[in-house]
Every structure is written in C-alpha cells, then in structure tokens.
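Read through the structure below, which is laid out as structure tokens, and then see the notes.
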Amino acid sequence: MYCNKESVNTLTALLVAHGVHYAVVCPGSRNAPIVHNLSQCPAISCYPITDERSAGFFALGIAQATDEPVVACVTSGTALLNLAPAVAEAHYQHQSLIVISADRPQQWIGQLDGQTMQQPGALHKWVACTVSLPEDDHWYCNRLVNEALLETTADHRPCVHINVPLTEPLFCFDVRQLPEERIISRFTPPTDRAYLPQPLIDDLLAAQRPLIIFGQLSSRRFHYEGVDFLFSHVIVLHEALAPFTSVSHFEESGLLDQPSMLPDFILYVGDAIVSKRLKAFLRQARSARTWRVSPTGQVEDTFQNLSGIIVADPELLLQSLDRKLSKVGRLAGADYRRQWLTGLQEGKKTVVTQRLDYSEAMAVREFEQRLKNLQAGYEVHYANSTAIRLANSFADGHPVWCNRGVNGIDGSLSTAVGFAAAVPASQLVFCVIGDLSFFYDQNALWNRNLRGNLRILLLNNGRGVIFDHLPGLEQSPVHHSMVAGEHHTTAQGICDQNAVTYVCAHDEAELHAGLDLLMAPVSQRPCLLEVLVS
C-alpha cells in the first residue's frame, strides 16, 4: 500500500518509470510518506541512514559504483542543508544525486512554525534544476518531476533537487497501487541520418489523425521549403510567425469547436503560438502522442500532453521526416484530412471575401494587399496584441517579425527601428502597431538613427481593444478607463518633434490615400500613417 498524497505517488511512479533503482532515506516525520513509498517499490532498493551529511556521501558512493542517479531523501528544515557537502562533491564529479526534500506548506514558511525555512534554492549552486511540487495540480506536478528527472540523463550527470511540500495529515497509507503517469522522454540523435527516433516513427505510423504545428521561427535561420510536401501527407497548421508565405486559417475554419477534429499525434516545431483558441483546442487532446522539436531540449509542454522531446535542428529533422513520408505515403485518415482541407479553404475564403467597414481590420487587409504589388524589398514587423492577431488573418506572402518570446507590448516599435537601421536603406521596414504599444514605446522615435526606410502603420482605436474580447470584463464600470487604457491621444505631436512624416485617416478614402504615402518606395524621412478608429 502507498500513501494517499497525490504528489508523492506521482513522484514515486515517475522515479520508477525513469529507471531509478537506489534511494538513501533519512528519518523524519514530514518525509515519512515519501520514505514509505520508496520502501514499498520493488524496483527501488532503500538504504536507511540517520545522519544526513553521511547519507549524502553514502548516496554518492552508490552513484559511483552503479553509474546511475541515486535518490537522497530528507525531511524538512535544516536536514536539507546537511546534504550540501555531498551535493557539491557530486556536482564536481559529475555524479547525479536526486535530492528529495519534504517541506511544510508554503503558507507556513517564515511563520515561526517548526522545521521551516526556504528550501527551494538552498542547493542552487550545485544542482541543474530545482522544482517544488504542487499538491493540487496533477499536470504541473507530473511535468515538474519529468523535467527534473530528464536533467539527470544529460552527459555531465547533474544533480537535481525536488522539493515536496506536504500538508497534514501525513500518515495515511491506503492506496493500493501507484498511478500510471505520463513519461516525457528526450532523444538526442547522434547523426543527421537518425533525426527521427523510433518511438516517434512508431507513433506517427500508428496515427489516424496526425497534425504538425509550426510556431514562431526566424526566417533568417530556418530555410525549410518542404511545407507543401508535408501538407500533402499530413495536416499542417501555422500562423504568420512561421517562416512560410501563407497562414492557416484555422481560427476562421470552425473546426476548433469540433472535438472530432482533435489529433492523435502532434509534432510541434518552432516557438510561440499566438492563438489561444488553438492552444485550448489541442489541450483537449489528452491521449495524443505529442512530440516537441527543441534545439535546447527544454521541457515546453504547451499543450499539456507532451510525450517526447527531440533535441535537434528543426530543419534537419523535417528533412528526415520528408524522406520517411516519401516511403510511407499519406498518413491522415481520408475523412479527417478532407474536413481539415475543406475547413481551411472555407476559412481563407471568409477572410478574403468578407465585407469590412472602415476599421483596423480593413487597414491591415488593405496594407497586406498592397504589399503584394510593392516593387521595393521589405520586411514587416507586427506588434503584439490585436496587431499580430490581424496578421494571422491577413498577412500573406512574406515572413512576419514579432516580439512573441514574452509577448509584451513594450519595445515593438524600438525593435522595428533597430531592424530598419541595420538593413540597407533601400529596404523598407514596416511596423504595424496598436496605440497602447506605440505610445508606450514612443521614445523609439527619439533616435538619431532614423531613416526613410522606416514606415509605421498605427492602429489607434483609443484603448486596448483586445480587452473587449475578455468575457466578463465588461461588467466592470472601469474596464475602458482603467483596464483598457482609454485615451484621446494622437501621434501627430510625437511625429512633429521627431521629424517623422505624419498622415492620418478617419475613413476609407483617407486610408487609401495614406497607404499611398506610407508605401512610397523613396522617402527622406520615416513615415507614419495613423488610422483613427472611434
């Protein structure tokens, strides 16, 4: 029988699943549920040692003899600090110790309760990873344990620290068996010909509803040209931030509302995804085998169903996937594929043919249509929030730059200004930006490096309009004035003081005239078109 603490049972099950065979356990009441569980696992040999400092070195000796990670488990308080000498020694020997410390609940730390201190970070100089497990969030707990244990498989065999806060009562041992826990695996291919691990191939070939998702990738570094070939074999979804010449109109397809369209296999390439709806949709695919391509090997469980990480260059991996698909043919089931293709085509048709009144959406669609006829070379930056979401509907035929790493509104204009200063003066650099982002970053124009190749399309609706799409916020009487940053500011004064050519639009006719000026191939000074929408 095992304890009734979910976090401890998750930890125990994953220690077994990741192949941990040895544990050194020290006495204590707070860590009793952990010690009990470890002792009940047939796969784990337990060694009781009373003195924690000696226990740490005892565990180091086992690690040296077996060349495997070894658990050192202690109770709460200063017991953890007594492991520091052994952990430091293991760190410099490249021997992996898995330090597991029981802890009091966070709310009692620093409240003069017994055996309490700040345990996370206590060993930070000598461990590669420190996690503190939640008691009430199974997915997060599972992810953190996987993340910590994966670190121990690195070539330099680092130590890790898993802190386990536990609420009383502690001593109930009535769980008959450990849970079946999701294991996250990590693969580092040895050569460019082995970029597809066999477990990924097995999952892909067994899939009836495979899906490949592309997030943000730099068009300067990523030059894969086989997306059309991929799409002929599996369903591929990507937004404007992927380095391709089109976008997938899944937001407009209506398919994200249909559980029958959930995939059973996901390959996630690239970084950030903008669409909240897509992420929410894919988080429903609880049984999907999900693989992440990551040059760093970091655990990034965006869809909450990660199965494996491939530490590889995305371009080389996709080339290997092309070779595999050329041999096995189309994978997706006929109905699944047909529904996706039809939905994406209908979504694109909706975007292209819908009647738009004068608005930010009209401005971006007109701007994007004119880009197709622009003879000069150009690059396009979109700011965060509404601007990048409009890009996902209307951007076509060119890469999109956006500060989507953290996706804050600060610095979008400054980034575009820096970009424009670093490229040839003949290359136009456009920045499509909302009013709050622009005014927050207005000092980007207080800059002696401005040139005539910088062009700014400012979408000014007098507030952060994206806040209008947050259900329930409209119930607050201050949702415009204090949450959405309502204002009555224009960019004219800012442009005048920084010698930026300024033009504004209040209607469709003025928009067209302003776009003519904004997109003129030659200008001595930067130009800004402010689209004022009430």
Side-chain angles (χ1 to χ4, degrees), residues 213-220 237-244 247-251 270-280 300 302 359-365 367-368 371 378-396 398-420 429-445 447 454-471 473 479-480 482-487 489 491 494 528-533:
I213 311 293
F214 284 91
Q216 183 172 25
L217 286 162
S218 170
S219 59
R220 292 287 200 271
L237 302 181
H238 54 85
E239 299 175 313
L241 295 180
F244 306 125
V247 295
S248 304
H249 293 284
F250 50 80
E251 286 269 15
D271 294 322
I273 293 171
V274 175
S275 174
K276 288 185 177 181
R277 288 189 63 206
L278 179 62
K279 285 181 279 192
E300 296 160 321
T302 308
S359 60
E360 308 99 309
M362 171 185 277
V364 172
R365 187 170 76 175
F367 165 73
E368 286 288 343
L371 282 179
Y378 65 88
E379 298 279 354
V380 184
H381 284 245
Y382 274 85
N384 273 305
S385 203
T386 297
I388 188 59
R389 286 171 170 79
L390 289 171
N392 281 338
S393 291
F394 301 114
D396 191 17
H398 61 84
V400 166
W401 298 91
C402 181
N403 289 349
R404 202 65 195 174
V406 184
N407 62 302
I409 67 167
D410 51 332
S412 294
L413 183 57
S414 291
T415 304
V417 170
F419 194 109
V429 176
F430 295 96
C431 180
V432 183
I433 188 167
D435 48 299
L436 295 190
S437 296
F438 176 84
F439 293 120
Y440 192 92
D441 196 22
Q442 61 182 282
N443 279 346
L445 301 181
N447 190 319
L454 175 66
R455 313 298 172 86
I456 302 164
L457 178 59
L458 170 56
L459 310 173
N460 188 347
N461 44 46
R463 66 182 187 281
V465 74
I466 196 167
F467 294 102
D468 292 349
H469 303 290
L470 301 179
L473 182 57
H479 73 280
H480 276 174
M482 295 189 183
V483 179
E486 190 174 38
H487 64 90
T489 310
I494 297 168
L528 181 146
L529 167 60
E530 184 167 24
V531 179
L532 294 161
V533 181

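Values below: every heavy atom of this structure, side chains too, minus hydrogens, waters and symmetry copies.
Separating the CG atom in N403 from the CD atom in Q216 is a distance of 8.0 Å, to the nearest 0.5 Å. Going from atom NZ of K279 over to atom CD1 of I273 covers 7.0 Å, rounded to the nearest 0.5 Å. With values rounded to the nearest 0.5 angstrom, L241 atom CG is found 11.5 Å from S218 atom OG. Here the straight-line distance linking atom OG of S248 with atom CZ of F214 works out to 10.0 Å at 0.5 Å rounding. Between L529 atom CG and R455 atom CZ the span is 11.5 Å, to the nearest 0.5 Å. If you take OG1 on T489 and CZ on F439, they are separated by 5.5 Å, rounding to the nearest 0.5 Å.
Side-chain contact between L445 and F438: present, with at least one pair of heavy atoms (C-beta onward) separated by less than 4.5 Å. Side chains of R389 and K276 form a contact here, defined as non-hydrogen atoms less than 4.5 Å apart. Between L459 and V432, some side-chain heavy-atom pair lies under the 4.5 Å cut-off. The shortest distance between side-chain heavy atoms of N392 and E251 does not fall below 4.5 Å.
Nearest heavy atoms, L528 versus A491: CD2-CB, 4.1 Å. Between A240 and A395 the shortest heavy-atom distance is CB-CB, 4.2 Å. Between L413 and C431 the shortest heavy-atom distance is CD1-SG, 4.1 Å.
Atom OH of Y440 is surrounded by 12 or fewer heavy atoms from other residues, nucleotides or ligands within 6.0 Å.
At least one donor-acceptor pair closer than 3.5 Å links the side chain of N384 to the backbone N or O of G408. Not a single donor-acceptor pair under 3.5 Å links the side chain of Q442 to the backbone N or O of I494.
Here the options are T386, L390, V531, the test is side-chain contact (heavy atoms from CB on, under 4.5 Å), and the partner is V364; only L390 passes.
By the salt bridge (Lys or Arg N to Asp or Glu O under 4.0 Å) test, E368 pairs with no residue at all, sequence neighbours left out.
Taking the six-membered ring where tryptophan is involved, the planes of Y378 and H398 are perpendicular, since the angle between them exceeds 60° and thus also 30°.
A donor-acceptor contact closer than 3.5 angstrom links the side chains of N461 and E360.
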**Request:** May I have the step-by-step check of side chain to side chain contact (heavy atoms under 4.5 Å, CB included) for I433 and D441, ending in yes or no?
**Result:** CA-CA 10 Å; I433 188 167; D441 196 22; 5.6 Å; no
**Message:** Between Y382 and S412, does the side chain to side chain contact (heavy atoms under 4.5 Å, CB included) criterion hold? Intermediate values first, please.
**Reply:** CA-CA 8 Å; Y382 274 85; S412 294; over 6 Å; no
**Criterion side chain to side chain contact (heavy atoms under 4.5 Å, CB included) on V274 and R404, from CA distance to verdict** = CA-CA 8 Å; V274 175; R404 202 65 195 174; 3.7 Å; yes
